[in-house]
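This report concerns only the one structure given below.
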Amino acid sequence: MKVLLFNPRSAKTKPRIPNSILSIAAAIEGLYGYVIVDGNLETDPWQKINSYLATGEYGYFGCTCMPGPQLRQAIPISKQIRSLYPAVKIIWGGYFPSNQPKVVLLSGFVDVIVNGPGEKCFPALLQALENGESFTTIPNLIYKSEQGIIKTGKDELYDQDALPRLPYETLNNFYPLRRYLGKTYLGTRTIAYHSSMGCPFKCSFCAVVPIYNARWRGKSAQLIYEDIKYLKDKHGGNAIEFHDNNFFVSEKRTVEFSKLIQPENMIWWGEGRIDTIDKYSDHSLQLMRASGCKMIFFGAETGNDEILKRMDKGGTQSSAQIRAFAGRMAKFDIIPEYSFVLGTPGDTPEQVMKQIDQDIAFIKEIKQINPKTEIIIYLYSPVPTEGSELYKKVLESGFHFPDKLEDWISPHWENFDLRKNPLTPWLTPEMVDKIQDFETVLNSYYPTVSDIRLTGFKRSIMRNLSAVRYKTGLYWKPYELKILQLLWKYRQPEIEGF
């Protein structure tokens with residue numbers, strides 16, 4: 001039986017190379033026939049999916065699923081398949097089912113969850129299903145049995161260089177690869193690339209932690225370079241987004257890659273930790289910038305050291321380091337993209353509001369130190385990280401996730417996944433309004449450089465119109481700024497990327 005691999009729509013514009021689906025395709029290449037359906041490039045993906053399944057040749061439906069927008073297609077399409085093609089085995093992978101296995105499996109239309117890397121467990125699962133064998137010994141799986149929800153053991157993180165290369169040309173047969181290389185702040189044909197798995201830290205608000213448990217393994221700099229060089233020469237890629245959870249774990253690997261990529265004249269971006277890259281030498285940072293590293297995303301989270309500790313950030317990150325590092329990045333002309341998580345639980349409403357005010361003041365201080373610092377603001381959304389102090393406090397507050405899978409695609413829970421509507425008992429409407437109003441003013445006074453559609457004239461209008469509010473702290477109900485941002489379709493990187 002053949003396999004249908006589905007990548008649900010994740011963004012309204014600028015589809016990225018579906019690396020997660022391609023890694024599974026690479027694992028079954030030559031073993032099982034397969035097709036790829038990308039919801040980002042289909043007006044109606046169900047029409048194409050149904051046309052494949054109607055042939056009777058497909059016994060397996062594999063779907064990757066991140067929290068948020070992908071659920072809007074993953075849920076109804078999986079439900080429709082179960083109704084019309086009950087013999088088809090439905091297998092979900094990605095952060096959402098790994099973090100919410102109970103609600104996914106009790107839905108009745110998902111058979112098995114791939115819990116983490118699927119390069120080895122997915123083909124092993126297909127073989128077991130084909131032969132009617134038990135898969136209790138196959139690692140990285142979650143499934144429902146008479147005994148309840150079963151989680152099999154975690155497999156090692158694989159040698160990334162030993163895994164099969166992604167089948168870019170096979171993808172190109174289904175969808176022209178050029179359609180995935182979109183225009184961004186980084187370049188006109190931006191490559192989305194994933195060079196490592198996991199992260200060596202255990203932040204209690206991060207969806208990666210329950211899956212990888214503080215483990216990380218990356219491809220070699222040489223292999224990364226060879227893949228990027230191929231996509232540049234063959235398909236015209238001229239910029240790179242590294243979608244790793246933590247690209248910069250190894251200074252040696254980063255430096256080696258920087259040396260290799262420098263002659264290619266490609267701008268690139270990745271995600272890292274402040275306390276990791278702050279240990280890099282000045283020479284390494286200079287080399288990174290010379291190689292095309294233009295911006296790095298960092299989880300600053302908060303200016304409160306006590307909350308940083310409660311978040312279990314690990315490492316050595318502190319408010320003093322966050323300040324100093326913003327200044328250090330300015331010397332190398334690398335833009336630090338700082339994300340902050342506002343609205344974490346406190347003992348009293350007064351304490352929560354006080355912390356929101358302190359973080360707003362801290363963000364403005366960072367902008368004084370290095371005005372080029374990009375600021376991303378999230379409302380704290382709980383992640384089911386067992387054993388963490390933060391999640392324990394969340395449960396004590398009375399918060400709970402939906403009991404029914406379909407409820408996750410209601411508007412308020414979708415916004416929860418985008419960290420725009422927390423649905424948390426300790427945050428009052430007044431608190432949420434204060435955070436969002438400040439964000440509107442901040443984005444007007446310092447519009448993101450990554451919105452390439454925003455002209456200099458529009459930036460000037462927004463900055464002048466928001467100046468009094470920003471300087472005096474009068475953030476309340478900035479309707480005039482909201483209207484401008486809506487009219488000009490201001491692009492928020494935390495929702496749609498570059």
Under 3.5 Å: donor-acceptor pair, side chain of N172, backbone of Y168
no
Rounded at 0.5 Å granularity, tell me how far OG1 in T190 sits from CH2 in W268.
14.5 Å
Return the CD to CD1 distance between Q100 and I142, rounded to the nearest 0.5 Å.
10.5 Å
Please determine, by modelled atom types, if Q80 and N50 share a side-chain donor-acceptor pair under 3.5 angstrom.
no
Cationic N near anionic O, under 4.0 Å, K79 to E406:
yes
Take I49 and I81, measure what side chain to side chain contact (heavy atoms under 4.5 Å, CB included) needs, and give me the verdict at the end.
CA-CA 9 Å; I49 289 169; I81 292 171; 4.2 Å; yes
Surrounding NZ of K154 (heavy atoms of other residues, nucleotides or ligands, distance under 6.0 Å), is the total greater than 12?
yes
Heavy-atom side-chain contact between I138 and N140 under 4.5 Å:
no
Closest heavy-atom contact between I240 and L186?
O-CD1, 3.5 Å
Is atom CD of Q47 surrounded by more than 12 heavy atoms (other residues, nucleotides or ligands) closer than 6.0 Å?
no
Using side-chain contact (heavy atoms from CB on, under 4.5 Å) as the criterion, list what pairs up with N173, not counting sequence neighbours.
none
Does the distance from a Lys or Arg side-chain N to an Asp or Glu carboxylate O, for E42 and R9, drop under 4.0 Å?
no
Can you see which heavy atom on N443 is nearest to which on Q485, and at what distance?
CB-NE2, 3.9 Å
Decide side chain to side chain contact (heavy atoms under 4.5 Å, CB included) for I452 and T184; before the verdict, give the C-alpha distance in whole Å, the side-chain angles of both, and the deciding distance to 0.1 Å.
CA-CA 7 Å; I452 57 178; T184 69; 5.7 Å; no
Heavy-atom distance under 4.5 Å between the side chains of K2 and Y32, does that happen here?
no
Derivation of the side chain to side chain contact (heavy atoms under 4.5 Å, CB included) call for E337 and I296:
CA-CA 6 Å; E337 191 176 22; I296 303 174; over 6 Å; no
Do the side chains of L260 and Q222 get nearer than 4.5 Å, heavy atoms only?
yes
Looking only at atom types and distance, does a side-chain atom of D244 sit under 3.5 Å from a main-chain N or O of S195, one as donor and one as acceptor?
yes
Check for me whether the distance between the ring centres of F242 and F257 falls short of 6.0 Å.
yes
Taking S23 for its side chain and S20 for its backbone only, find out whether a donor-acceptor pair lies under 3.5 Å.
yes
Would you say the side chains of Y175 and N40 form a donor-acceptor pair under 3.5 Å?
no
With distance as the sole criterion, is a donor-acceptor pair present between the side chains of Y60 and E130 under 3.5 Å?
yes
Would you say the side chain of K229 lies within less than 4.5 Å of the side chain of E264, judging by non-hydrogen atoms?
yes
Give, for atom CD1 of I267 and atom OG of S291, the distance between the pair rounded to the nearest 0.5 Å.
8.5 Å
Contact summary for I277 and G272, nearest pair of heavy atoms
CD1-CA, 4.4 Å
Side-chain contact, heavy-atom cut-off 4.5 Å: I91 with L125?
yes
Minimum heavy-atom distance between P123 and A27, given as atom pair plus value:
CG-O, 4.1 Å
Looking only at side chains, do N115 and S98 share a donor and an acceptor under 3.5 Å apart?
yes
N/O donor-acceptor pair under 3.5 Å between D159 side chain and D161 backbone:
yes
Any Lys/Arg nitrogen of K48 or D38 sitting under 4.0 Å from an Asp/Glu carboxylate oxygen of the other?
no
Taking the side chain as everything from C-beta on, heavy atoms only, tell me whether Y143 gets closer than 4.5 Å to I149.
no
Set out, in order, the CA-CA distance, both residues' side-chain angles and the distance that settles side chain to side chain contact (heavy atoms under 4.5 Å, CB included) for Y34 and I28, then state yes or no.
CA-CA 8 Å; Y34 67 88; I28 62 174; 3.9 Å; yes
Say you draw a straight line from CD1 of I17 to CG of L177; how long is it, rounded to the nearest 0.5 Å?
5.0 Å
So does V88 get a backbone contact from the side chain of R82, meaning a donor-acceptor N/O pair under 3.5 Å?
yes
E251 side chain to S284 side chain, donor-acceptor N/O pair below 3.5 angstrom:
yes
Pair Y193, D227: side-chain N/O donor-acceptor within cut-off below 3.5 Å:
yes
When the aromatic ring centroids of Y185 and W269 are compared, is their separation below 6.0 Å?
no
If the condition is salt bridge (charged side-chain N to carboxylate O under 4.0 Å, His left out), which residues does R289 pass it with, not counting sequence neighbours?
D333
Heavy atoms, side chains only, cut-off 4.5 Å: are M197 and R217 in contact?
no
For E241 and H194, does a side-chain donor sit closer than 3.5 Å to a side-chain acceptor?
no
Ring of Y490, cation from R453 - is the NZ or CZ under 6.0 Å from the centre and inside 45° of the axis?
no
Distance in Å, I228 CD1 paired with D233 CG, rounded so as to fall on 0.5 Å steps
11.5 Å
Quick one: do the T188 and N238 side chains pair a donor with an acceptor below 3.5 Å?
yes
Please give me the minimum heavy-atom distance between N7 and T64, naming the atom from each residue.
OD1-CG2, 3.4 Å
Going by heavy atoms in the side chains, are N246 and E271 under 4.5 Å from each other?
no
What is the distance from atom CD1 of I113 to atom SG of C63, rounded to the nearest 0.5 Å?
11.5 Å
Please report the C-alpha distance between K458 and D451 in whole Å, then the side-chain angles of each, then the deciding distance to 0.1 Å, and finally whether the salt bridge (Lys or Arg N to Asp or Glu O under 4.0 Å) criterion is met.
CA-CA 11 Å; K458 291 178 179 178; D451 190 339; over 6 Å; no
Quick check: does any side chain N or O of Q160 sit under 3.5 Å from a backbone N or O of Y158, one acting as donor and the other as acceptor?
yes
Would you indicate whether K89, at its atom NZ, is surrounded by more than 12 heavy atoms from other residues, nucleotides or ligands within a distance under 6.0 Å?
no
Can you tell me if K294 has over 12 outside heavy atoms packed within less than 6.0 Å of its NZ?
yes
Examine distances only and state if a side-chain atom of D111 and a backbone atom of I90 form a donor-acceptor pair shorter than 3.5 Å.
yes
State, to 0.1 Å, how close G270 and F248 come at their nearest heavy-atom pair, and which atoms those are.
C-CE1, 3.8 Å
Assess the side chains of S145 and Q147: does a donor N or O sit below 3.5 Å from an acceptor N or O?
yes
